[in-house]
Amino acid sequence: MHLAYALRVDHLAIHSAMSHSAISGYLDNRSAVAALFQAAVFDAFPALRDDSPQFVVAVEQPKNPDHGHFAVNSALHLTKRLGKKPREIAESIVAALKADNGLLASRPEIAGPGFINVRLSRHAETQVIHAIRALGDEFGKSHVGNDAPLMVEFVSANPTGPLHVGHGRGAAIGDTLARLLDSQGYKVTREFYYNDAGAQINNLAASVTARLKERAGVACEFPEDGYRGDYIREIAELYAAQHPEDLLGNQTDQVRGFAVAALRHEQDLDLKAFDVQFDNYYLESSIYTDGLVEKTVAQLVANGHTYEEGGALWLRTTTFGDDKDRVMRKSDGTYTYFVPDIAYHVTKFQRGFGRAITELGADHHGSLMRVKAGLQAMGLGIPPGYPDYVLHQMITVMRGGEEVKISKRAGSYVTLRDLIDEVGRDATRYFFLMRKSDSQLTFDIDLAKSRSEDNPVYYVQYAHARICRVLEQWGGDVTSLSDADLSRLESSYESTLLRSIADFPETLAIAARELSPHLIANYLSDIAAKMHTYYNAERFLLDDVGLTHARLALIVAVRQVIRNGLRVLGVSAPERM
RNA sequence: GCGCCCGUAGCUCAGCUGGAUAGAGUGCCACCCUCCGAAGGUGGAAGUCGCACGUUCGAAUCGUGUCGGGCGCGCCA
């Protein structure tokens, strides 16, 4: 066993916060270096042991390769506390490093204002290959979530039309967040909230009725805010075929129910094509039928956060940070959507989800503060930040260098299904995920369709397929590579790749903490680039069997990491392309 | 007017808990095909990190202000 493992036992208590791969017993390089230096700092300056808060060593990865594999800046941080010059402190820390730690290639250098630059021994670098082989699909996972129940709510489209590209981005982000948090040990539930009550649904029914009358040749005016997409005509046709007794759509409840069911079915098919599955569908209508609206209002009134004005009932959300108070019950006696929204989020908490993530289009961000304020006003002990929100910005779709105009009112918008049919599920998901969710996204259809390395998805998948192809040519049994002599991995390409694949668990941990799926896409793109560079620079199938096996053992590990990463994104890892 | 997001290379975008000479892809320029895939490879030029002030040993990163763009601001959802 490598000494890094022993270090972990010594210092895990101090560094539990940075132990990223708890499942494995494998300690990532950064944490191993941190543990080594933490001990050295305390040995060099024993008084720091008793400080509160205790000094924690930070380890960073320098951009400049001349600065080593990792850099420790503790000497700079301790300047003030110790009243010494940073370079002196650095000298003391380095002098206190445990010899024979097995982790470092050489005595660390002190550079610049007082950075300590460290290089890993090649032996330490190669340990990750064993860890990846042992863990397989589990490599990268962690238990930090402690099986805590967590809900990710996403898509939550009104059943008033097919899913469009914006819903697609939400679906990709929400589903990946769910996969990501699952990988970190949370007990994740995916939920879709259906706004199947209220004015929009009536509007939908009215639109269908209008089309029914139209096809029957009965004069009528189309609702001003009606839905004009062709799918309304299709629903009218279906309705007419199944309900010949009501060709004019006069049975409003029946028309409404039919239209909602038809659109839900369509949306389900869209999501299935996107490989997104929900554990639960929560119907807004059930909030009314279960009496939760009245209950919520009664609670808010009892808590003294409401007042009547102009015949309406208001919630004083300004008490909780909102910029204006909000109407709960309109003067006509009906409720605004705001009340069921609060009631819905209360159910999340009461159903045991100590953490909830709500994924929404950024155009709904106005409702965030209101809901959070409403939850606080309920006085149920819900944590102040509840729930977490992840918002995604708008998408611009480009084809042939031109923007494809999206207009829901005109009924001419790019549906999610269109996109999946045209560019494929993998590319659609990856493109939605490769940018930070709160920046706007340009979706280049031509690029997404192209089968070349210019295409970011193709580039990553190709790295995976390429490894499969090399192994296929080799023709041996991959399990036999566990005996490979990894000390044969001497080139800088190999060092770079080894350290990159070792970063995978930490990348997942950060992406989960930041709720940022794009970090995974960036990471995979980086690994793929390094793999392609390696492939172009070196050969794998050589007369030298020892070197061949060592290199194959490395790329098998790379393949596993790419596969595990793509799985989190919901993108396939093809063996050939 | 108020709130949220964004402003980094010609273009599309990264930049982790503040760190050393700010990165990638694409485009541009120059070289390179006896090769497990030339639909490729190697190298190069290219940025006042919108602007100003502040905090700090150190700011693209944190704070304030300001300019520009997007979105939201209804007793609609």
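For the numbers below, each heavy atom of this structure counts, side chains included, while hydrogens, waters and symmetry mates do not. Naming: A, B, ... by sequence-line order, numbering from 1 per chain.
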Given the options A:Leu36, A:Val41, A:Asn117, A:Ile116, A:Val72 meets side chain to side chain contact (heavy atoms under 4.5 Å, CB included) only with A:Ile116
Is it the case that B:G3 (base atoms only) and A:His365 (side chain only) share a donor and an acceptor within less than 3.5 Å, ignoring hydrogens and angles?
yes
To the nearest angstrom, the CG-C1' distance between A:Asp332 and B:C75 comes to 7 Å
| said: Check the phosphate of B:G74 against A:Lys324, side-chain N and O only, distance under 4.0 Å to OP1 or OP2. Yes or no? | reply: yes
Exercise. In terms of ring plane angle, is the pair A:Tyr344 and A:Tyr193 parallel, tilted or perpendicular, where the classes change at 30° and 60°?
Worked result: parallel
### Message
Would you say the rings of A:Tyr462 and A:Tyr535 are close, in the sense that their centroids are separated by under 6.0 Å?
### Response
no
- Message: Within the supplied structure, the quantity of interest is the number of heavy atoms (other residues, nucleotides, ligands) at a distance under 6.0 Å from A:Glu109 CD; does it exceed 12?
- Response: no
Does atom NZ (A:Lys85) have a neighbourhood of more than 12 heavy atoms from anything else shown, all under 6.0 Å? no
When rounded to whole Å, the CE to P distance for the pair A:Met394 and B:G69 reads 18 Å
Checking B:C36, B:C76, B:C75 against the side chain of A:Val327 (C-beta onward), the nearest is B:C75
From OH of A:Tyr462 across to P of B:G37 the rounded distance in Å is 8 Å
- Have A:His167 and A:Ser156 got a donor and an acceptor in their side chains that come within less than 3.5 Å? no
Legend entry - Same-atom distance (P) from B:G69 to B:U64, integer angstrom: 22 Å
What about A:Ser331: does its side chain form a donor-acceptor pair under 3.5 Å with the base of B:C75?
yes
With a cut-off of under 6.0 Å to the ring centre and 45° to the axis, is A:Arg87 in cation-pi contact with A:Phe115?
no
Q) Using the benzene-type ring in the case of Trp, are the ring centres of A:Phe432 and A:Phe443 under 6.0 Å apart? A) yes
Atom CZ of A:Arg326 and atom C1' of B:G72 are separated, to the nearest Å, by 10 Å
Review point. Would the number of heavy atoms belonging to other residues, nucleotides or ligands and lying under 6.0 Å from CE of A:Met434 be above 12?
Key: yes
Here the distance between atom P of B:G37 and atom NE2 of A:His532, to the nearest Å, is 14 Å
Comparing nearest nucleotides in RNA chain B, the 5'-proximal residue of the pair A:Lys80, A:Leu541 is A:Leu541
Q.
Could you check whether A:His305 and A:Trp314 have their ring centres less than 6.0 Å apart?
A. no
Check: With rounding to whole Å, what would you report as the distance between B:G15 and B:A59 at their C1' atoms?
Finding: 13 Å
_When the C1' atoms of B:C28 and B:A45 are compared, how many Å lie between them, rounded to an integer?_
9 Å
Practice problem: Please work out if A:Glu309 contacts a base, only the sugar-phosphate, or nothing of the nucleic acid, heavy-atom cut-off 4.0 Å. | Solution: base
Need one value for A:Glu308: base, sugar-phosphate or nothing, where a base atom within 4.0 Å counts as base even if backbone is also close, heavy atoms only.
nothing
- Message: Any base atoms under 4.0 Å from A:Met398, or only sugar-phosphate, or nothing? Heavy atoms, all strands.
- Response: nothing
- Name the nucleic acid region contacted by A:Gly310, choosing base, sugar-phosphate or nothing; use a 4.0 angstrom heavy-atom cut-off, strictly under. base
Check: Roughly how far apart, to the nearest Å, are B:A46 and B:G25 at atom C1'?
Finding: 15 Å
In whole angstroms, the gap separating P of B:A77 from CG of A:Leu360 amounts to 15 Å
Quiz prompt | N or O in side chain of A:Tyr535 less than 4.0 angstrom from B:G40 OP1/OP2 | solution = no
Exercise. Counting distance only, does the side-chain N/O of A:Asn158 pair as donor-acceptor with the main-chain N or O of A:Thr160 below 3.5 Å?
Worked result: no
What distance, rounded to whole Å, do you find between the two C1' atoms, one in B:G47 and one in B:C33?
35 Å
Ranking B:C5, B:C2, B:G37 by distance to the side chain of A:Asp438, first place goes to B:C5
Review point. Touch check for A:Thr79, heavy atoms < 4.0 angstrom, all strands: base, sugar-phosphate only, or nothing?
Key: nothing
Using the P atom on both, measure B:G37 against B:A24 and round to a whole Å. 28 Å
Here the distance between atom C1' of B:G37 and atom CZ of A:Arg539, to the nearest Å, is 12 Å
Note on RNA chain B: ranges paired as stems (three or more Watson-Crick/G-U pairs in a row, both atom distances under 3.5 Å) are B:1-7 with B:67-73, B:10-13 with B:23-26, B:28-32 with B:40-44, B:50-54 with B:62-66
Here the distance between atom P of B:C36 and atom NE2 of A:His464, to the nearest Å, is 22 Å
Once base and sugar-phosphate atoms are separated, protein heavy atoms under 4.0 Å mark nucleotides 12-29 of chain B, 5' to 3', with B, S and - as SSSSBB-BBB----S---
RNA chain B nearest-nucleotide lookup for A:Tyr335 and A:Glu538: closer to the 5′ end is A:Glu538
*asked:* Work out how far the C1' atom of B:C6 is from that of B:A60, and round it to whole angstrom.
replied: 14 Å
When you measure from the side chain of A:Gln267 to the backbone N and O of A:Gly161, does any donor-acceptor pair fall under 3.5 Å? yes
In whole Å, what separates the C1' atom of B:C73 from that of B:C16?
34 Å
With the side chain defined as heavy atoms from C-beta on, A:Asn536 is closest, among B:A77, B:C75, B:G41, to B:G41
